[in-house]
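Worksheet: one structure, shown below.
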Protein chains: 2
Amino acid sequence: MRSSAVCKGVSDADLATFHRIGRRSRVSRGQALIWAGDPHPPCGSLVSGMVKITASTIGGREQIVGLLYPGDFIGQPFAPQAEFTFTALTDAQTCMFAQRDFRRLLDMHSCVEQELLRRMAHSLDLARHRMLMLARQSAGERIAGFLLEMEAAIETPLASEGRPNAFELPLSRGQIAEVLGLTIETVSRQLTKLKNRGIIALCGGRSVAIIDRGGLEGLAEAA
Amino acid sequence: MRSSAVCKGVSDADLATFHRIGRRSRVSRGQALIWAGDPHPPCGSLVSGMVKITASTIGGREQIVGLLYPGDFIGQPFAPQAEFTFTALTDAQTCMFAQRDFRRLLDMHSCVEQELLRRMAHSLDLARHRMLMLARQSAGERIAGFLLEMEAAIETPLASEGRPNAFELPLSRGQIAEVLGLTIETVSRQLTKLKNRGIIALCGGRSVAIIDRGGLEGLAEAA
DNA sequence: CGAAGCATTGAGCTCACTCAATCTTCGTGG
DNA sequence: CCACGAAGATTGAGTGAGCTCAATGCTTCG
């Protein structure tokens, strides 16, 4: 865990300080960590579980603009107010700092600052690739790309059950729709279309098996 | 100029070093600074002019995923290869560094590192707001929001010509379409619709005047 | 003045959305 | 353990916003 977090280059002694300043907490599925608009929101590290970052219009239309996995950084150390809402998708554990504390910590540990910079840069690249997807890809391309992405991100292949290339999607249909900028119905229809074409298998619930990876990659037409 | 760039907190002596290491160059309108896929692309500062960052699918569909103004940072100091293409929208001047040089420079000047971190964080917020727009806003909302954004970004009101609230769009219709994830035709139609409703005036070329700001804000329905 | 590039306008179509009904899955309590 | 209810998922029918293709107009520069 620690090896992947922002504090990965920090000495054991300093790490103890981190834990003294940071506040560990558990949140349950569906609970919000930070609300868009919160003044001087905290920031920190996601220890376990998954968190979504959502933006929404005044009218209430929502879009997932980021997904966080264990070890990922939560929030922004400099923003005077939160721009987005952070919500736990699963039960999760976090280690959060007040902005002031975290900034002081950055000043003292330049390795953490550099690591954070790398992560921000990477998240920015990710966000921009998603912009391309949202603006220019068809529903079919989005679904195909999403499945390949998820397969790569999931470390638990259900090979044990005799299903090679099968894995459990960490998101509901509705959440997939929120990520891809589609509706639940369209996500569902595209998945059944892939199933009927024999490219994937849907084995009930959220588990999927990729039968024809080549076909799926062809449909993805990624950048 | 210097007051707004990443090197804003640097002493004069150190700034001289920067200029020795960095390479100044001029690029003309339409010329690419960095191509997506370039290995170890340079990074640096935009001195004058405007630059677009584009992502594109294999099929050639393009999307502008970022716009850079004078003083903005260009590129990524850590990426092993460029993810996006950077192209001058106008004649421009840059001050670029090799990645290795720039990273060394970051190590020596933590104020620059922090400034870069702030900018990255801000760009990330911007990109995520754009994701919401691309995924969930209608063409009308996108155009309205874009006009308001542009008006705020342009410092040259053409009040001198007796046109209060009039300004020159820095982008062609095609480029606006690329930013908003629409087509040229849709952009054009939406603009004439606004004109016919008396909300804006189109005075030939790229100049626009906002007649009814309240109305425009109502249509924007931003977050 | 002519040509090239940009912008506008029109007609028609398609893909994804909306609305609505049904089916499945899963957790809960009797 | 099973029945029930709620939430999630699938499927269908119909609609419409924005795309495509195509023609025309404007503007700016040689």
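Here is the naming used below: chain letters follow the sequence lines, and residue numbers restart at 1 for every chain. In this text the structure is predicted, and so the values were computed from the model without any measurement.
A side-chain donor-acceptor contact under 3.5 Å links Glu83(B) and His129(A). Counted by atom type alone, Gln31(A) and Ser28(A) present one or more donor-acceptor pairs between their side chains at under 3.5 Å.
When rounded to the nearest whole Å, the span between CG of Leu202(A) and C1' of dT10(D) equals 11 Å. Arg136(B) has its CZ atom 12 Å from the C1' atom of dA16(C), to the nearest Å. The interatomic distance linking Arg206(A) (CZ) with dT24(C) (C1') rounds to 14 Å, in whole Å. Atom pair Leu169(B):CG and dT27(D):P shows a separation of 16 Å (rounding to whole Å applied). Rounded to whole angstrom, the span from the CD1 atom of Ile176(A) across to the C1' atom of dA16(C) amounts to 17 Å. Per the geometry, CD belonging to Glu62(B) stands 18 Å off C1' belonging to dC19(D), to the nearest Å. Distance Glu178(A) CD to dA9(D) C1': 16 Å, rounded to the nearest Å. In this structure, the CZ atom of Arg189(B) is 13 Å from the P atom of dA17(D), given to the nearest Å.
Note on Gly140(A): nothing from the nucleic acid sits closer than 4.0 angstrom, heavy atoms only. Gly205(B) comes within contact range of no nucleotide atom at all, as no heavy-atom separation falls under 4.0 Å. Contacts of Leu191(A) with the nucleic acid, taken as non-hydrogen atoms under 4.0 Å apart, are absent. If you check every strand for non-hydrogen atoms under 4.0 Å, Ile184(A) touches a base.
The Ser138(B) side chain lies nearest to dG18(D) when the options are dA9(D), dG18(D), dC17(C). Set against dA9(D), dA7(C), dT18(C), the side chain of Arg173(B) has dA7(C) as its closest nucleotide. Checking dT8(C), dC19(C), dT10(D) against every side-chain atom of Thr192(A), the shortest atom distance belongs to dT10(D). Distance from the side chain of Gln190(B) is smallest to dG18(D) among dA16(C), dA9(D), dG18(D). In the set dT10(D), dG18(D), dT18(C), the nucleotide with an atom closest to the side chain of Ser188(A) is dT10(D).
For the pair Phe78(A) and Gln99(A), the minimum side-chain heavy-atom distance is 4.5 Å or more.
Listed pair Thr183(B) / dC19(D) meets the phosphate criterion, a side-chain N or O lying under 4.0 Å from OP1 or OP2.
Distance alone, capped at 3.5 Å, is enough to place a donor-acceptor pair between the Arg61(A) side chain and the Arg136(B) backbone. Formation of a donor-acceptor pair under 3.5 Å by the Glu221(B) side chain with backbone atoms of Gly59(A) is found in this model.
Within the model, atoms CD of Gln76(B) and NE2 of His122(A) stand 10.0 Å from one another, a figure rounded to the nearest 0.5 Å. Separating the CD atom in Gln175(B) from the OG1 atom in Thr54(B) is a distance of 11.0 Å, to the nearest 0.5 Å.
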Chi angles and distances behind the side chain to side chain contact (heavy atoms under 4.5 Å, CB included) call for Ile211(B), Leu216(B): CA-CA 9 Å; Ile211(B) 310 286; Leu216(B) 202 57; over 6 Å; no

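The base of dC19(C) is paired with the side chain of Glu185(A) by a donor and an acceptor separated by under 3.5 Å.
Terminal axes of the helix from dC1(C)-dG30(D) to dG30(C)-dC1(D) (five pairs each, C1' rotation axis) are separated by 40°, to the nearest 10°.
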